[in-house]
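Below is one structure; the comments refer to it alone.
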Amino acid sequence: MRLLTHNMLSCNIKGVTNGFPLKLEADKWVTKEVDLNADFLRGVFPKIEWSALVAAARVLGFAELPEQADASMLSSNDFLRRFHHALLELHVEEGALVCPETGRKFPINKGIPNMLLHEDEV
């Protein structure tokens, strides 16, 4: 699971009002090289919850993203490389996503998060 995916997921358990961002617990992660596409990064940047991306990247040991970011930084190749690495090259293979409100854990197995709800959670 890429951190791009993590940044788009939230807990949809019935009654949950604060299901984003999911806390990331990573037992195994890998880096998979991907070609940098600056146009894609510039387009997706406004949709990214920056603080959630920074927190998730730090869980994976990548602390090279600034605490705050704005669109003016997208002209820097150095910033684009760091943003690209965190968003698209870090892959969580095993672990869990944890609802910030209920503590419910959604497992990540073989890079796929299982967000299916139990019958009583719908």
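Just so it is clear, the values below take in all heavy atoms, side chains as well, and ignore hydrogens, waters and symmetry mates.
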Query - Side chains of Leu97 and Met115 in contact at under 4.5 Å (non-hydrogen atoms) - result: yes
List the atom pairs, with distances to 0.1 Å, where a side-chain N or O of residues 53-69 and a protein N or O form a donor-acceptor pair under 3.5 Å, not counting sequence neighbours.
from: Arg58; atom 1: NH1; to: Glu67; atom 2: OE2; distance (Å): 2.4
from: Arg58; atom 1: NH2; to: Glu67; atom 2: OE2; distance (Å): 3.0

Query raised in the report: Got Thr5 and Val92 here, is their nearest side-chain heavy-atom distance under 4.5 Å?
Result: no
**Report entry** Test side-chain hydrogen bond (donor to acceptor under 3.5 Å, both in side chains) applied to Arg104 - qualifying residues, sequence neighbours left out
**Finding:** His118, Glu121
**Report entry** Contacts of type ring pair (Phe, Tyr, Trp, His ring centres under 6.0 Å), residue His84, not counting sequence neighbours
**Finding:** none
**Report entry** Shared hydrophobic cluster for Phe20 and Phe106 (ILVMFWY, side-chain gaps under 4.5 Å)
**Finding:** no
Requested in this report: Please identify each residue that fulfils side-chain contact (heavy atoms from CB on, under 4.5 Å) with Glu101, with sequence neighbours left out.
Outcome: Val16, Thr17, Asn18, Cys99
Query raised in the report: Is it true that Leu3 and Leu36 fall in one hydrophobic cluster, defined by side-chain heavy atoms closer than 4.5 Å?
Result: yes
Report summary line: Contacts of Arg2 meeting salt bridge (charged side-chain N to carboxylate O under 4.0 Å, His left out) (sequence neighbours excluded), chain-then-number -> none
**Report entry** Pairing residues for Asn77 by the side-chain contact (heavy atoms from CB on, under 4.5 Å) criterion, not counting sequence neighbours
**Finding:** Leu80, Arg81
Query raised in the report: What residues, two or more places apart in sequence or in another chain, satisfy side-chain hydrogen bond (donor to acceptor under 3.5 Å, both in side chains) together with Glu119?
Result: none
**Report entry** Hphob cluster co-occupancy, Met8 + Leu41, side-chain heavy atoms under 4.5 angstrom
**Finding:** yes
Query raised in the report: If Ile, Leu, Val, Met, Phe, Trp and Tyr residues are connected whenever their side-chain heavy atoms lie under 4.5 Å apart, and connections chain through other members, are Leu9 and Leu117 in the same group?
Result: yes
Query - Between NE2 on residue His91 and CG on residue Leu4, distance to nearest 0.5 Å - result: 10.0 Å
Query - Asp70: partners by side-chain contact (heavy atoms from CB on, under 4.5 Å), with sequence neighbours left out - result: Ser72, Met73
Requested in this report: Check salt bridge (charged side-chain N to carboxylate O under 4.0 Å, His left out) between Glu49 and all other residues, then give those that pass, not counting sequence neighbours.
Outcome: none
Query raised in the report: If you look only at pairs with a residue in residues 21-45, which of them pass as a ring-ring contact (aromatic ring centres under 6.0 Å, His included), with sequence neighbours excluded?
Result: Phe45-Trp50, Phe45-Phe83
Report summary line: The single option from Asn109, Ile108, Leu90, Ile112 that satisfies side-chain contact (heavy atoms from CB on, under 4.5 Å) with Met1 is Ile108
Query - Interatomic spacing from CG in Leu116 to CG in Asn12 - rounded to 0.5 Å - result: 11.5 Å
Report task. Go through the structure and list residues passing salt bridge (charged side-chain N to carboxylate O under 4.0 Å, His left out) with Lys105, not counting sequence neighbours. Result -> Glu25
Requested in this report: Could you tell me whether Asp35 atom CG has more than 12 heavy atoms of other residues or ligands within 6.0 Å of it?
Outcome: no
Report task. Go through the structure and list residues passing side-chain hydrogen bond (donor to acceptor under 3.5 Å, both in side chains) with Asp39, not counting sequence neighbours. Result -> none
Report task. Take Thr31 and His85, measure what side-chain contact (heavy atoms from CB on, under 4.5 Å) needs, and give me the verdict at the end. Result -> CA-CA 9 Å; Thr31 300; His85 180 70; 3.5 Å; yes
Query - Short side-chain to backbone donor-acceptor contact, Glu94 and Gly111, under 3.5 Å - result: no
